[in-house]
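What follows is a single structure, written as structure tokens, with notes after it.
Quick note: residue numbers are just sequence positions, from 1. Whatever order the structure lists them in is the order used to number ligands and atoms, beginning at 1.
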Amino acid sequence: MGKNKSSKNKLIIISNRLPVTVSRKKNQIIIKESPGGLATGLRSLKQKKKVLFIGWPGYIPRNSREKKYIQECLINDHQCYPVFLSRPELEKYYYGFSNRTIWPLFHYFSSLSTFEELEWKSYQKVNQKFLHIIMETAEPDNTFWVHDYHLMLLPELIRKVFPESSIGFFLHIPFPSSEIFRILPWRTEILEGLLGADLIGFHTYEYARHFLSSSLRLLGYEHEFGSISINNRIVRVDNFPMGIDVEKNNRLLADPEVQRETEHCRKLLGEENKIILSVDRLDYSKGIPQRLKAFELFLSKNREWHEKTTYIMLCVPSRTKVSHYRLLKEEIDRLVGKINGRFGTASWTPVNYIYRSRPFKKLISLYSAADIALVTPVRDGMNLVAKEYVAAKKDHNGVLILSGTAGSAEELGEALIVNIHNKNEVVDAIKKALTMPQQEKISRMKIMRKRIMEYDIKHWTQSFIKSIEETKNIQASREHRKLNQHGKTEILSQYKKSKKRLLLFDYDGTLISFSKKPEDARPDKELKRLLISLSKKTNNHVVIISGRDRNTMEQWLGDINCSLVAEHGSWLKILPKGEWERQVSIPFQWKYRIMPILKNYESRVPGSFVEEKEFGLAWHYRNTSPELGKMRSHELYDNLNEFLANTSLQLMHGKKVIEVRIAGINKGVSADHFLRMKDWDFILALGDDWTDEDLFKALPEGAFSIKIGYGPTEAGFYIESPTACRALLRELSKS
Ligand code: ADQ
């Protein structure tokens with residue numbers, strides 16, 4: 001396969017299936033375009049970007065000659081780069097891991113999920129196979145958009161070979177709650193695979209939230225407004241509700257053939273007859289048996305609607321090779337037979353069951369004709385049928401009944417929202433829909449249509465691609481502030497030139513990494529050697545500014561010739577005098593009132609503990625279950641905030657700690673003592689926490705400030721970790 005050399009503007013869409021279908025008829029290979037919504041949405045981008053597709057063409061070639069022929073046709077005529085899969089790969093990767101493990105699990109059918117090591121191996125192998133084609137086709141600076149649950153390992157694989165590329169991933173199915181997701185034996189591999197992307201998109205906010213929660217619980221990644229920092233990379237997680245092809249919809253609605261078909265359908269069933277319609281792939285997630293049972297109950301409870309309403313149930317055959325789907329088909333056949341046998345008459349068939357795919361033209365005629373759409377999946381990532389029905393109701397004369405568990409319910413709140421497991425609720429909704437006043441139908445439909453027309457497939461595609469670009473831009477601006485060799489050289493050369501140097505260092509998370517228990521973070525030998533060497537130099541004044549208590553500071557660092565700041569500045573030990581001086585003179589009875597509140601949280605949140613300082617109290621939650629800790633910390637913060645109003649105490653939410661201390665004391669105020677001491681010609685401040693932001697803000701122009709780790713900061717530079725920070729100190733001490 002020849003490389004298609006091109007510019008940065010190449011967009012590569014990777015999905016399990018290509019937007020073409022290859023088949024063989026009478027010894028002839030037939031290639032048919034089968035554009036889904038995505039391919040349509042991408043059309044609007046084509047002026048700006050060259051778009052290529054990578055995926056399975058849906059056909060296993062008989063020999064290498066045929067393979068080569070298909071390959072050439074697909075590449076030259078359709079910009080499609082095929083990934084050919086063998087029969088065993090299809091069985092294990094597609095029917096197996098994708099559709100017997102991930103699909104049921106992610107739709108909350110955990111009891112249907114199978115966990116087969118061989119199928120997982122095949123899933124890994126096929127993801128690698130996709131990577132192989134990508135490497136033959138793409139350039140390192142291309143944009144990649146990976147789709148769906150078949151290819152969740154691919155973002156990380158691409159990242160490894162093309163570290164600088166832009167990678168988006170979109171999941172078309174739900175992302176389950178972390179309690180369900182953690183059932184998966186290969187959960188961390190899947191998460192890490194996805195986190196290789198720059199942008200991870202879901203249909204709804206709920207799925208994005210579940211994903212963030214799994215990343216936190218299973219891998220410990222915190223997020224800030226949906227952005228996770230992994231090493232020095234940002235991964236943005238967001239929701240992008242997929243829309244439909246509105247232009248195609250409008251074009252078809254205006255087509256006389258479609259209008260004729262709509263009228264024909266209405267006449268066939270009788271003008272007075274109300275049409276209820278459902279359109280699904282035959283899948284257990286779509287709740288088809290539950291819906292049939294609810295319809296049966298409706299008929300048994302509402303005899304007055306017999307012969308006056310017909311349910312047209314359109315099902316597309318799907319995954320017929322998976323046994324659950326075969327069993328489901330049998331159950332549906334049986335239920336339809338039972339209902340029609342029980343209620344049908346010579347002139348009326350209550351359920352009109354069509355088990356085949358229909359061209360979209362026919363589908364839209366049916367949507368137009370139907371009085372009610374019954375879209376009641378048990379679980380559905382989005383469900384485009386609901387949107388297609390609303391879009392087809394140009395006259396606003398229709399009612400949508402929709403499951404609350406379909407992603408589209410987040411946008412279509414004006415539908416009659418039901419729980420498919422509650423048969424009576426569905427029966428009531430059908431009745432309500434059949435008798436709904438015209439004005440109410442119109443007003444509900446109008447709002448939904450407006451939204452669907454606006455947020456269509458073009459909008460979806462463009463906003464996703466734009467969001468990848470934005471994430472890359474944020475990344476680039478962060479890179480720009482990252483302390484690189486150039487920055488280091490600048491700091492070192494200023495350091496060497498200067499005669500009066502002030503070095504202000506935070507301790508935890510800056511000079512040393514966090515440990516589970518605060519008492520375990522004592523300075524190691526290397527750190528002590530470094531601090532001694534830096535503070536021995538006559539031109540240097542080293543200050544360690546920490547939130548820790550005075551005793552610990554003295555015990556750990558008291559033998560070094562440096563100034564110390566404890567409890568964010570409540571105590572100072574300033575060289576050359578070198579004696580601890582108290583900076584606050586407030587009675588500390590307040591502690592006896594705050595302590596019980598903190599103790600209460602200590603007992604309610606396992607793993608958390610209270611630290612008592614001379615002028616402060618701190619509740620640490622580093623070792624708690626991350627979500628519980630976070631939730632309770634917000635609760636505690638709010639409680640204390642009210643409690644401390646109009647007192648001379650201040651509340652601080654640091655890294656995994658909530659602290660109460662005397663107002664007016666912070667690292668900036670403390671730093672000021674030292675900044676005023678001399679006319680320094682070199683100032684360097686290092687810190688990782690937001691309490692260090694006060695320090696950064698207090699610095700004069702020309703000072704160097706470095707934040708350890710990423711996040712919003714006043715500091716001039718970023719450095720990724722305490723280890724990198726150490727390396728810098730080593731260079732300073734050597735020079
Ligand atoms: P699906 O599970 O396939 O998609 P859905 O969103 O309803 O579900 O899309 C089905 C599409 O197939 C619709 O565009 C519909 O017109 C078409 N279709 C259905 N029945 C048909 C029939 N009998 N004949 C012809 N066409 C038919 C997955 C997720 C969804 C998510 C989509 C898009 O499961 O939750 O909405 O991807 O992300």
Side-chain angles (χ1 to χ4, degrees), residues 13 15-17 19 21 34-41 98-99 102-109 145-151 169-176 201-204 206-207 239-246 248-249 252 258 261 277-288 291 312-319 322 325 328-329 332 352-368 370 373-392 400 402-403 405-412 452 455-457 460-461 464:
I13 308 291
S15 58
N16 175 58
R17 280 300 304 272
T21 297
S34 45
L38 174 66
T40 316
S98 301
N99 286 315
I102 297 295
W103 177 274
L105 191 70
F106 280 32
H107 285 85
Y108 292 77
F109 288 87
W145 188 359
V146 183
H147 287 263
D148 229 358
Y149 62 103
H150 318 87
L151 300 172
F169 178 90
F170 187 81
L171 188 71
H172 290 259
I173 64 173
F175 193 90
F202 299 93
H203 280 304
T204 73
E206 283 298 297
Y207 309 152
N239 61 316
F240 299 85
M242 190 173 179
I244 59 162
D245 186 350
V246 163
K248 179 174 161 195
N249 173 78
L252 286 177
V258 170
E261 181 81 21
L277 174 70
S278 73
V279 176
D280 311 270
R281 261 186 324 99
L282 195 132
D283 194 293
Y284 48 82
S285 66
K286 305 287 181 185
I288 303 169
R291 193 189 303 150
I312 302 180
M313 190 172 89
L314 209 62
C315 288
V316 198
S318 174
R319 298 171 204 162
V322 179
Y325 288 72
L328 177 68
K329 166 83 174 46
I332 292 170
N352 223 308
Y353 173 33
I354 305 163
Y355 177 61
R356 62 174 180 274
S357 181
R358 309 288 294 139
F360 194 69
K361 246 185 182 174
K362 296 251 184 228
L363 215 58
I364 204 159
S365 322
L366 273 175
Y367 287 142
S368 288
L374 200 49
V375 183
T376 54
V378 174
R379 209 45 86 163
D380 215 333
M382 170 53 73
N383 196 303
L384 296 177
V385 168
K387 293 189 170 182
E388 287 166 0
Y389 175 68
V390 171
L400 172 66
L402 180 62
S403 277
T405 42
S408 47
E410 219 172 71
E411 292 165 273
L412 302 175
I452 284 173
Y455 297 105
D456 66 346
I457 188 72
W460 179 75
T461 318
F464 191 87

- line: Sorted by chain and residue number, the residues having a heavy atom closer than 4.0 Å to an atom of ligand 1 are Trp103, His172, His203, Met242, Val279, Asp280, Arg281, Lys286, Leu314, Val316, Arg356, Ser357, Arg358, Phe360, Leu363, Tyr367, Asp380, Gly381, Met382, Asn383, Leu384, Val385, Glu388
message: Pairing donors with acceptors under 3.5 angstrom, does anything connect the side chains of Ser285 and Arg379?
response: no
field: Minimal non-hydrogen separation, His107 against Gly381, with atom names
entry: NE2-N, 4.4 Å
message: Apply side-chain hydrogen bond (donor to acceptor under 3.5 Å, both in side chains) to residues Tyr207 and Asn239 and explain how you reach the verdict.
response: CA-CA 8 Å; Tyr207 309 152; Asn239 61 316; over 6 Å; no
task: Using a strict 4.0 Å threshold on nitrogen-to-oxygen distance, state whether Lys362 and Glu261 make a salt bridge.
output: yes
field: Check ion pair Lys387-Asp245 (N to O, under 4.0 angstrom)
entry: no
message: List the residues meeting ring pair (Phe, Tyr, Trp, His ring centres under 6.0 Å) with Tyr353, not counting sequence neighbours, and say none if there are none.
response: none
